[in-house]
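Report on one structure; see the data block that follows.
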There are 2 protein chains.
Amino acid sequence: MTSESVSKDDDTAAGHTVNAPQGPSWKPVARSSTHELVINAIEEQITSGSLTVGDPLPSERELAAKLQVSRAAVREALRVMESLGVVVSNVGSGKSAGTFIASMPKEALTRFLRLHVALANFSIEEAIETRIQLERSSTALATGRVHDDALAGMNASLAIMDTPGVSLETFNDADTAFHVAIAHASENQLLSDLTEAIRGSLRRPILDAFHEVDDPRALMAQLQEEHHAIMQAIVDRDTDHAVQLTEDHIRSATAALPRLTQSRQERG
Amino acid sequence: MTSESVSKDDDTAAGHTVNAPQGPSWKPVARSSTHELVINAIEEQITSGSLTVGDPLPSERELAAKLQVSRAAVREALRVMESLGVVVSNVGSGKSAGTFIASMPKEALTRFLRLHVALANFSIEEAIETRIQLERSSTALATGRVHDDALAGMNASLAIMDTPGVSLETFNDADTAFHVAIAHASENQLLSDLTEAIRGSLRRPILDAFHEVDDPRALMAQLQEEHHAIMQAIVDRDTDHAVQLTEDHIRSATAALPRLTQSRQERG
DNA sequence: CTCACTTTAGTGGTCTGACCACACAAAGGA
DNA sequence: TCCTTTGTGTGGTCAGACCACTAAAGTGAG
């Protein structure tokens with residue numbers, strides 16, 4: 001296989017995949033490099049259920065021999081799977097050594113979003129708008145399901161932010177932890193991870209913007225006041241109020257950080 | 001070299017609920033393989049703005065020489081970046097050859113979600129619930145912004161689904177295209193890509209579940225009726241109605257596919 | 001026998017050097 | 001001018017060799 005494909009020369013990056021579905025339905029794209037074949041082989045084992053979290057993969061040398069490819073190709077495939085948070089590799093010997101199916105989607109999502117936000121494939125405005133919608137949802141879900149452990153996590157973050165003289169970085173990280181704790185209480189892992197990843201991808205821009213605010217302490221105090229209001233609404237099981245406060249909170253914070261949504265070219 | 005430098009990086013800030021500032025502040029985890037260093041080097045160029053979409057990277061051999069690492073390590077890093085949809089590589093010679101910064105987040109996001117749904121790191125219920133929330137948001141945004149081109153795309157998908165005797169696969173793909181067209185009309189790329197990725201990650205499970213429905217034609221007719229209702233609400237700029245119809249539509253479709261939300265172990 | 005130490009074997013991590021298929025660009029001939 | 005040929009640099013792939021690491025098997029002394 002791998003016969004020559006059509007000479008798709010103008011492969012502009014901004015593909016929108018707008019279709020014209022009545023066309024001859026040309027071959028979409030069937031290129032397959034060796035490491036892609038290895039990835040597909042592993043992915044098939046996963047989607048078919050033959051491999052689940054915790055299972056070991058064959059060693060790199062063994063996998064290379066079985067798939068009739070070089071070890072370098074296997075390694076490239078494993079690095080891809082690793083970057084997706086699907087496998088982890090441990091050196092050494094014994095049962096803890098080798099490559100295993102893992103479940104670490106958060107880090108992968110965060111890096112993914114951070115890179116694409118940096119590349120302006122996703123604008124900061126989009127990320128914030130999406131974050132608002134996600135957190136509205138997770139807040140609504142959390143308000144109905146929240147239990148003591150989750151409340152304790154939120155209170156811990158609030159306590160950090162209540163500490164006088166806390167550094168901006170610490171405040172910001174506790175801020176993130178507070179929102180993530182709410183998302184976690186929604187008991188929806190995907191929603192929670194997405195929330196954390198989006199917030200993580202914005203960490204650096206938010207900190208940079210925060211440093212340019214005239215009166216950071218006043219802003220921190222205002223944000224913290226809003227946090228306590230959200231917390232109270234959650235404790236009161238007042239879903240609608242909590243949701244509205246969450247959206248208002250994010251919007252007001254964004255508005256207070258004008259540098260955040262400026263185009264990056266202007267910030268020298 | 002390889003002096004155990006503590007690695008200045010702060011990128012490991014993805015930790016969860018790390019605080020306790022009075023502790024000895026032990027090194028959390030600072031391992032850095034060679035290909036990770038290459039990744040960080042490239043990522044730094046991107047986040048600093050030195051590399052933007054369309055820019056070429058040095059050739060693999062040149063990059064290896066500059067970073068003082070082997071070409072294999074560079075390739076592993078590039079494969080990771082490629083899997084994230086951040087770079088593309090073209091063989092050959094001339095200006096179109098080499099590795100370039102790209103913007104193809106959709107495919108990466110789709111594969112990511114597909115794998116993690118397959119691994120049950122994200123349950124199908126979670127994915128559907130998240131999808132509902134995302135599509136509520138995108139529908140609300142789209143209703144206010146929709147223009148003729150976007151309407152044309154939606155109508156094209158509706159026309160496919162209206163075709164009598166259309167295959168289940170074609171119907172399902174047009175169904176996805178319809179919802180994606182709505183998300184696209186929201187003019188929020190992240191929201192749109194997330195919608196498409198979630199729907200894409202569920203494609204196979206949905207098709208499998210659809211095949212086990214007693215009367216697929218009746219279900220398709222019902223879904224299509226709901227699609228037209230959503231379309232009408234969007235055309236009428238009736239945001240609240242469109243949002244409610246969208247949620248009802250997804251929930252009714254899910255309820256009509258009982259196999260979809262069953263645990264995968266039961267489906268033998 | 002028990003315990004501590006040494007050896008061994010197998011893992012991922014890394015590097016080197018080589019060859020291939022490819023695609024464009026420049027040189028050459030009609 | 002047009003087409004062909006050659007050249008050059010690209011990513012793609014491979015084989016083979018070390019290294020660092022770790023757990024388990026082996027070994028010896030007490």
Side-chain angles (χ1 to χ4, degrees), chain A residues 1-11 29-42 54-83 86-102, chain B residues 1-5 7 29-42 54-83 86-102 104:
Chain A
M1 47 198 75
T2 69
S3 58
E4 94 287 359
S5 58
V6 292
S7 67
K8 47 194 272 308
D9 47 339
D10 60 345
D11 189 342
V29 54
R31 72 144 178 214
S32 49
S33 51
T34 302
H35 78 270
E36 285 275 355
L37 297 177
V38 179
I39 291 176
N40 291 338
I42 299 173
D55 289 351
L57 270 67
S59 72
E60 296 181 353
R61 293 168 178 83
E62 189 177 347
L63 206 48
K66 284 182 179 176
L67 299 178
Q68 299 270 44
V69 299
S70 71
R71 194 180 157 209
V74 170
R75 280 186 60 79
E76 289 180 13
L78 289 180
R79 292 292 80 74
V80 169
M81 301 300 271
E82 189 180 65
S83 79
V86 170
V87 306
V88 290
S89 295
N90 305 108
V91 298
S93 172
K95 67 188 181 104
S96 72
T99 304
F100 298 86
I101 303 293
Chain B
M1 46 208 71
T2 66
S3 62
E4 51 173 57
S5 62
S7 83
V29 51
R31 74 149 177 207
S32 48
S33 52
T34 302
H35 79 271
E36 285 273 356
L37 297 177
V38 178
I39 290 176
N40 290 339
I42 298 174
D55 289 351
L57 270 68
S59 72
E60 295 180 354
R61 292 168 178 84
E62 190 177 348
L63 206 48
K66 283 183 179 175
L67 299 178
Q68 299 270 44
V69 299
S70 71
R71 194 180 157 210
V74 170
R75 281 185 60 79
E76 288 181 12
L78 289 180
R79 291 294 78 75
V80 169
M81 301 299 271
E82 189 180 65
S83 80
V86 170
V87 305
V88 290
S89 295
N90 304 108
V91 297
S93 172
K95 66 187 180 111
S96 73
T99 303
F100 298 85
I101 304 293
M104 312 179 68

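Numbered from 1 within each chain, the chains take letters A, B, ... in sequence-line order.
Taking atom CG of residue Asn90(A) and atom C1' of nucleotide dA23(D), one finds them 13 Å apart after rounding to whole Å. If you measure from atom CG of Leu63(A) to atom P of dG12(C), you get 9 Å, rounded to the nearest angstrom. Straight-line distance from the CD atom of Glu76(A) to the P atom of dA15(D): 14 Å, rounded to whole Å. Spacing between atom CD of Glu82(B) and atom P of dG11(D) amounts to 12 Å, rounded to whole angstrom units. Look at CD1 on Ile39(A): it is 12 Å from P on dG12(D), rounded to the nearest Å. One interatomic measurement links the two molecules: CG of Leu37(A) to P of dC14(D), which rounds to 10 Å at whole-angstrom precision. Atom-to-atom, NZ of Lys95(A) to C1' of dA25(D) comes out at 17 Å; the value is rounded to the nearest Å. Going from atom NE2 of His35(A) over to atom C1' of dG12(D) covers 10 Å, rounded to whole Å.
Side-chain N/O atoms of Ser33(A) include none lying less than 4.0 angstrom from OP1 or OP2 on dG12(D). Side-chain nitrogen and oxygen atoms of Ser59(A) include at least one within less than 4.0 Å of the OP1 or OP2 phosphate oxygen of dT11(C). In this structure, Thr99(A) reaches the dG12(C) phosphate: one of its side-chain N or O atoms is under 4.0 Å from OP1 or OP2.
Ionic pairing of Glu82(B) and Arg79(B) is present here: one or more N-O contacts between side-chain nitrogen and carboxylate oxygen are shorter than 4.0 angstrom.
Taking only distance into account, the side chain of Arg61(B) never meets the base of dG9(D) through a donor-acceptor pair shorter than 3.5 Å.
Side-chain contact between Ile42(A) and Leu78(A): present, with at least one pair of heavy atoms (C-beta onward) separated by less than 4.5 Å. Using a 4.5 Å heavy-atom cutoff, the side chains of Val69(B) and Leu37(B) are not in contact. With a 4.5 Å cut-off on side-chain heavy atoms, Val88(B) and Ile101(B) do not count as touching.
Comparing Arg71(A) and Ser93(A) by the nucleotide of DNA chain C that holds the closest heavy atom to each, the one mapping nearer the 5' end is Ser93(A). Where Ala73(A) and Ser96(A) meet DNA chain D, the nucleotide closest to each residue was compared, and Ala73(A) sits on the side nearer the 5' end. Residues Val91(A) and Val91(B) both approach DNA chain D. Their nearest nucleotides, taken by heavy-atom distance, put Val91(B) toward the 5′ side.
Using a 4.0 Å heavy-atom cutoff across all strands shown, Gly94(A) reaches sugar-phosphate atoms only and no base atom.
Taking all atoms of both residues into account, the shortest heavy-atom contact from Gly54(A) to Phe100(A) is O-CD2, 3.7 Å.
Nearest nucleotide to the Glu60(B) side chain, out of dG11(D), dC15(C), dC14(D): dG11(D).
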